[in-house]
K.L.:
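Before we start, here is the structure in question, set down as structure tokens.
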Amino acid sequence: MTGLTRRTFLGSAAAAAALPRLAQAAPAVLEAGPVVKRLAPEGYGEAQLWGYDGGVPGPELRLRQGDRLSRRLVNSLSQPTSVHWHGIRIDNAMDGAAGLTQAPVAPGDSFDYDFALPDAGTYWYHAHMRSMEQVGRGLYGALIVEEPDGGPEVEADIVLALDDWRLAENGDLAGGWDDLHDKAHAGRYGNWPTTNGAAEWSRQVRKGDRLRLRVINTANARIMPLTLAGIEGWSVALDGMPLDSPDPVTGAITLAPAQRVDLIVDVTAEAGETAELRHGSGDGSFTLASFPIDGVGTSSRRPAPAPLPPNPRTAAPDLTAARRMTLAMEGGAMGGMDAATLNGKRVEMRQLVDAGMVWALNGKTGRPDDPMTEAARDEVLWIEMVNDTAFPHAMHLHGHHFREVAEDRLGPLRDTLLLDRRESREIVFAADNPGDWLLHCHMLGHQVAGMVTWLRVA
Ligand code: C2O
Ligand code: CU
């Protein structure tokens, strides 16, 4: 064998430049493995979960805009896995889409993630392999990228990772990770909500405190209508990206799976009372997070917060230059789909059901071999998503944020958009991040049952 030996390698100029890097310590580990934790109330058993670094959720990763995140995923699970850094406009090779951007990481193996964080905001990371089960068992955590100046002045900056578990009678997770009924309907809905892994999450505050709440919907399928009680304020960012101006919270804020909202709120309830983040309002509503009020911080209301500083490369795309296309969303129970292409072959619905593949995008079920489109670098794509199904879907694009176009007006930047049943919505974005990027439903049972495609950016 000629060429590269250790000796010639070390002697080369490139290697000399690389040496300081090689000398660096190995990256910090992020270990995926089993976690045993009681989710249910006292008196019930523990649940067999999977988590990162022994916790559910995994560690809160908090860095500054412009930093690099560097973690060695170590797989101590009994099945292959990968980590996706949801919402980060990331280097494609680090996106963690197992099977597309990297090979699955086998049990006992590891994979080094190392990438820049271009945007400040609230993001999250989660497994991207058999996600319905892996995320469903707890393989997720918050990824917070702080503004360079540390962000707006608040008394507390609090992550609220909301989840929705399906527990069995004994307090363990219910099985049925491959349940076709769930997949063909609304997805795996649970019966037990948690916030930051706790059934009754709470944090003491004072009247008048200003809080930044970073709310993340990590649920498998549940769409969450969020309401505030005893706290008032503004949405300042969606899916990590700052809004042009803070938006006063009046009614419920709908958060679909994978979506985030950053709130800046003031505690208005009186000392001795408890402020709350709630799921819904009125009958059937329940508490997601409580803020018991102990004393008075500031007694006078403060002015509305300034908008968060915009992230780079977020100028509105030129609609006149856009290439338009349609994404037909079909299938599911009561969807009326009669066939779809599976692995390149046209297959009748009956056989699709046998194969557990019941949703399709543009007539294809499962991630197709070919991308739905190939975009030139910086090309503006305008995609009309047509939900011709009887269920809502939360459509997520990797590697980019997009804006919704409605009546020729552009909405806020998002990475996940909720479409109601039988609803059409249009998104537009500049394909400015080269690589292969998934576009899929974030109801994880829909994703695994076929609602996934991808696009290639040159
Ligand atoms: Cu948050 Cu492809 O996923
Ligand atoms: Cu869906």
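The structure presented is a predicted model; accordingly, all values stated were derived computationally and were not measured. Both ligands and their constituent atoms are indexed starting at 1 by order of listing.
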K.L.:
Take the angle between the ring planes of His86 and His396 and call it parallel below 30°, perpendicular above 60°, tilted in between.
P.N.:
parallel

K.L.:
Restricting to N, O or S atoms of His446, which is nearest to the Cu ion (ligand 2)?
P.N.:
ND1

K.L.:
Hey, is atom 1 (Cu) of ligand 1 within less than 2.8 Å of some N/O/S atom on His84?
P.N.:
no

K.L.:
With a cut-off of 2.8 Å, does His398 place any N/O/S atom under that distance from atom 2 (Cu) of ligand 1?
P.N.:
yes

K.L.:
Look at the N, O or S atoms of His442, main chain and side chain alike, and state whether any lies under 2.8 Å from the Cu ion (ligand 2).
P.N.:
no

K.L.:
Does the structure place the NZ or CZ of Arg323 under 6.0 Å from the centre of the six-membered ring of Trp382, at an angle of no more than 45° from the ring's axis?
P.N.:
no

K.L.:
Using only N, O or S atoms, tell me which atom of His126 is closest to atom 1 (Cu) of ligand 1.
P.N.:
NE2

K.L.:
To the nearest 0.5 Å, what is the distance between CG (Asn75) and OG1 (Thr81)?
P.N.:
5.5 Å

K.L.:
Among the N/O/S atoms of His128, select the one at the shortest distance from atom 2 (Cu) of ligand 1 and name it.
P.N.:
NE2

K.L.:
Restricting to N, O or S atoms, which atom of His393 is closest to the Cu ion (ligand 2)?
P.N.:
ND1

K.L.:
In terms of relative ring orientation, are His126 and His84 parallel, tilted or perpendicular, with 30° and 60° separating the classes?
P.N.:
perpendicular

K.L.:
Please verify the inter-ring angle class for Phe286 with His279; under 30° counts as parallel, over 60° as perpendicular, anything in between as tilted.
P.N.:
parallel

K.L.:
What is the ring orientation for His400 with Phe429, classed by angle as parallel under 30°, tilted 30 to 60°, or perpendicular over 60°?
P.N.:
tilted

K.L.:
Confirm or rule out an N/O/S atom of His86, from backbone or side chain, lying less than 2.8 Å from atom 2 (Cu) of ligand 1.
P.N.:
no

